[in-house]
Amino acid sequence: MPKKLDFEAKYHASAAKPFDQKNEMFKRARREPEMKEILSRVTGELPLNGRNGATRELAALRNAAWTLESGYARGIATNNFGLYSWREATRGISVLPDAAKFDPSDPARNARIVKKAAKTFGADLVGICKLDRRWIYSSGYNTIELKEYDIAVPEECEYAIVMAFEMDYESMKHSPMIPGGVTTGFNYSRMAFTTGTMGQFVRHLGFTSIPCGNDTALNVPMAIEAGLGELGRNGILITQEFGPRVRLAKIFTNLPMACDEPIQFGVDKFCEVCKLCATHCPSRSIPDGPKTTSGHNKSNNDGPLKWYVNGETCYQFWGRNRCDCSVCIRVCPFNKPKGLLHSAARWFIEKIPALNKAMLKGDALFGYGRLKPAEKFWEDE
Ligand code: SF4
Ligand code: SF4
């Protein structure tokens, strides 16, 4: 069992203020004139056979991967839509008798049921925490209608179910080339499906259910509070099971559940010596120095003590690359497939941090984190 993490003390979380979503980089790209050119390079006509390895078939695959998110959920564009609807969306296959109400009196049992249901519907990790309203955006921004909207999560929602979705290890080896973006898009679609069906499950139990993707609230601090992982130098949640190779979604509800606790398993100490994400980031957007309490520009939520990533220079690289990038996930030594060797490595990182430098050397020796060219994608098993 990993040790309990003192979340407030570790990240100076009390210094956090609710973040205004219009300052998030992807929202700024839609509304700030000087960002429009970058946006058109990221989402406009994709030149084939360029340095990101795009071919007709890879580009088609990446577009198809986004189908559920773009068509039926739109969690990156707005909230409370389609699979992320806050209200009853479908009736279900049968009418549930009013007389047989769900008995919510045992929070531990409720948590077990919710976790089993989420995994049945496709989540790879599930954690539960009290809904910390500091992480709800002060205002939302709709990139389809190009306007701000108010966010009012019902007061009775005291709990958050946070789910993590594993992105494909083999596809991620290709980032920042197009196949890396395939597993990103596909997992946006997976999380929409699972979160939408879980939202319905909680509703059919008889409780309020607010399913969200990236919308409505910040995912990473909530996932830390729900015991899913720690924050890495790359600004991403590092899980024990998949490292940073996950996407996150959540559901807010009034169903009482036993909560998980924040955990620590050596990420901080390892990040202090590792710095691979900072070294390999193509835009040098990840700091290689100590943590700070303020970032680079308005896309950072200043206050907490952490490593702040520069979203502006990161997004400029996406524009030059004509594709999203996850190099900071690919090169991270916590990004490994499951296996005995890797479980052992994680054990050493957690228990004997003095060996961290040796662990890093081993990583380099085995060639972990190396780029795999896009054209090799179809040869992957
Ligand atoms: S996504 Fe790519 S460019 Fe952005 S911080 Fe990560 S490695 Fe750097
Ligand atoms: S690459 Fe290294 S420094 Fe960066 S998040 Fe992963 S472990 Fe931390």
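Counting convention: from 1, in listed order, for ligands and their atoms alike. Computed over heavy atoms, backbone and side chain alike; hydrogens, waters and symmetry mates excluded. Since the model is a prediction, treat every value here as computed from it, not as a measurement.
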Between the side chains of E272 and K269, is the shortest nitrogen-to-carboxylate-oxygen separation below 4.0 Å, so that they form an ion pair? no
Ligand 1: which residues have a non-hydrogen atom closer than 4.0 Å? C281, P282, S283, I286, C314, F317, W318, C325, V327, C328
Under 3.5 Å, is there a donor-acceptor pair linking the side chains of N142 and T78? yes
Should we say atom CZ of F207 is surrounded by more than 12 heavy atoms from elsewhere, each under 6.0 Å from it? yes
Would the number of heavy atoms belonging to other residues, nucleotides or ligands and lying under 6.0 Å from NZ of K36 be above 12? yes
Numbered atoms and elements of ligand 2 in range of [X], under 4.0 angstrom, heavy atoms:
X	answer
F334	7 (S)
C274	1 (S), 2 (Fe), 3 (S), 7 (S)
C271	3 (S), 5 (S), 7 (S), 8 (Fe)

For the aromatic rings, using the six-membered ring if either is Trp, is the centroid distance between Y188 and F165 under 6.0 Å? no
Quick one: name the residues clustered hydrophobically with V309, using the 4.5 Å side-chain heavy-atom rule over I, L, V, M, F, W, Y, and just say none if it's on its own. I286
Within 45 degrees of the axis of the six-membered ring of Y159 and under 6.0 Å from its centre: does K130 put its NZ or CZ there? yes
